[in-house]
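As structure tokens, the structure follows; a few thoughts come after it.
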Amino acid sequence: MVSQIKSRFPIFQQHPGLVYLDNAATTHRPQAVIDAITNFYVADNSNIHRGMYELSANATTAYENTRRKTAAFLESDNPGTIAFTTGTTESINIVARSFVEKRLHPGDNIVITMMEHHANFIPWQMLAKARSAELRIVPINEKGDLDLREFGKLLDAKTKIVACTHISNTLGTVNDIAKIVDAAHKKDIPVLVDAAQSAALYALNVRELPYDFLAFSGHKMFGPFGTGVLYTADKYVADILPYNFGGGIIQDVTLEDTIFKKYPYHLDAGTPNVSGVMGLGAAIDFIKGMDTKQAMDHVNDLTTYCREQLLKIDEVKLVGWPKSQGGIISFLVRDIHPHDVASFLDKDHIAVRAGMHCTQPLLAFLETPATVRVSFSIYNQRADVDHLCDALRGLIKFWS
Amino acid sequence: MTKEELQQLYSDKILVHGKDPYHFEKIAYPDVEILAYNPMCGDKYVLQLVKGDDSIQSAYFDGFGCALSKASISILLRKIEGMSIQDAAAFCKDFIHAIDSGSGIPSDDPALNVLLELRNFEGRVDCIKLGWESLLSGLGEES
């Protein structure tokens with residue numbers, strides 16, 4: 001299965017020896033996604049929602065069809081719940097500034113977790129400061145699992161949103177979103193889920209996981225850079241205000257005032273990333289064309305196998321040991337700095353991430369200045385893990 | 001740079017500083033304390049200077065970072081001892097310019113030349129410059 005899937009990603013033809021273990025930073029793109037972007041420029045290029053000619057009408061139809069496709073991807077029957085953004089970061093910022101801000105009063109609170117990426121941390125921290133509200137942080141245990149009992153205690157009548165990652169980009173922890181949503185909804189608190197690390201392979205079915213906001217990026221699910229999605233539940237759609245101002249989002253402009261279109265169209269100020277959205281649509285088709293259960297099992301198998309193999313190396317220390325770990329593992333190698341580890345692995349054609357992974361509060365809690373991180377996708381295989389471990393053994397021997 | 005070249009570089013020139021860095025300790029009463037921090041990777045050092053009448057009498061550092069940043073700061077601190085604040089700042093500026101522009105600086109110090117050789121080390125230039133840029137910025141505030 002893997003070799004067949006891998007052959008659909010041209011990067012591996014350009015770099016046949018590449019062991020790419022940095023999928024949490026960005027995945028590679030299959031030929032189908034590259035073709036979709038290219039074909040748009042070659043055959044269908046035109047601006048959308050503007051031109052009174054066939055080419056523009058076709059581009060608009062294709063763009064809106066991708067909105068339908070994205071809604072269907074989440075099992076939402078309303079395409080009007082889907083806004084296209086530049087990525088997870090913008091999606092979260094839209095919810096912070098265009099939804100929560102006006103509902104947040106001094107003394108209210110926002111609940112996030114210790115393991116959030118800065119993209120799901122700083123927008124809430126800044127908002128809480130600006131509105132004299134409290135930022136409440138759900139703690140984690142030493143294994144890297146959320147303390148859900150403590151989470152329940154942090155929710156009260158003044159909680160205006162819960163914002164939580166589905167999968168930790170540093171530890172790989174897969175959070176129990178169903179439980180989180182259920183606890184918050186019992187108190188009528190909306191929940192935003194950062195699905196940046198999970199959108200590619202995890203079922204994000206809104207019927208089963210009734211989150212209120214979902215944010216994810218195209219480039220971490222085989223799609224183009226600069227594309228993202230914000231899903232907003234029907235019940236909150238009317239409460240989202242425009243985020244940026246400009247052309248394309250208005251119904252009427254007079255000298256005195258402006259009347260805006262409704263969500264999601266009032267978020268498209270300026271020209272949207274039309275070709276990117278075409279690529280995003282192709283990425284969704286690519287995912288839907290896979291046996292996603294088999295793909296997820298494969299990534300889970302790689303995660304377990306990698307953990308087992310790393311544990312066989314005495315000088316390697318895993319950072320985090322969550323109950324459920326989704327394709328991401330952080331570790332340390334003796335006293336060798338993660339950057340030095342990454343530089344040496346690079347010479348064995350192994351691409352890993354080293355550093356703080358945009359999770360400084362988490363690393364401060366773990367009293368770890370930086371980690372080496374490996375992250376898997378559908379085109380990785382057990383041989384990649386073996387290659388990694390051999391290279392690590394070589395590095396340890398060299399460093400001794 | 002091949003793996004063999006990287007190993008050669010580290011074993012001959014980097015690890016010697018990384019494993020036994022110059023004045024790698026925190027002193028109790030420095031005259032100047034400068035934070036060298038790269039938030040992208042987590043490298044964080046405190047540079048400490050003791051001033052003499054007209055010069056930097058001694059320099060120390062402490063903290064966490066990769067072998068490259070540690071070696072680079074080790075070499076830097078050894079070089080600036082005895083320099084005036086102005087000369088140390090100019091020295092940092094020249095070095096950073098040399099790294100960025102690819103030009104050389106007049107020096108017969110082999111350690112310094114090793115750092116300059118490393119400017120083509122993919123993705124690691126910030127590690128080399130960290131201490132130098134922080135010191136330059138800190139000395140600017142001092143003068």
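A 6.0 Å sphere centred on CG of A:Asp386 holds more than 12 heavy atoms belonging to other residues, nucleotides or ligands. Residue A:His349 places its NE2 atom among 12 or fewer non-hydrogen atoms of other residues, nucleotides or ligands, all under 6.0 Å distant. Crowding of A:Lys317 atom NZ: a count of heavy atoms from other residues, nucleotides or ligands under 6.0 Å not exceeding 12. Within 6.0 Å of CE in A:Met126 there are more than 12 heavy atoms belonging to other residues, nucleotides or ligands.
If you look at B:Tyr10 and A:Phe398, their ring centroids are not closer than 6.0 Å.
Taking non-hydrogen atoms and a 4.5 Å limit, the residue list of residues 358-372 of chain A in contact with chain B, ordered by number, reads A:Gln360, A:Pro369, A:Ala370.
For the side-chain contact (heavy atoms from CB on, under 4.5 Å) with A:Lys347, the qualifying choice from B:Met1, B:Glu4, B:Gln7 is B:Met1, the only one to do so.
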A:His339 and B:Asp43: side chain to side chain donor-acceptor pair (under 3.5 Å), yes or no, with the steps? CA-CA 10 Å; A:His339 266 198; B:Asp43 283 11; 5.3 Å; no

For A:Asp340 and B:Arg124: C-alpha separation, side-chain torsions, deciding distance, then whether side chain to side chain contact (heavy atoms under 4.5 Å, CB included) applies. CA-CA 9 Å; A:Asp340 295 317; B:Arg124 301 298 298 273; 2.9 Å; yes

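With chain A as the partner, the residue from B:Cys127, B:Gly42, B:Cys41 showing the most heavy-atom pairs under 4.5 Å is B:Cys41.
In this structure, chain A has a heavy atom under 4.5 Å from the backbone of B:Thr2, while its side chain stays farther away.
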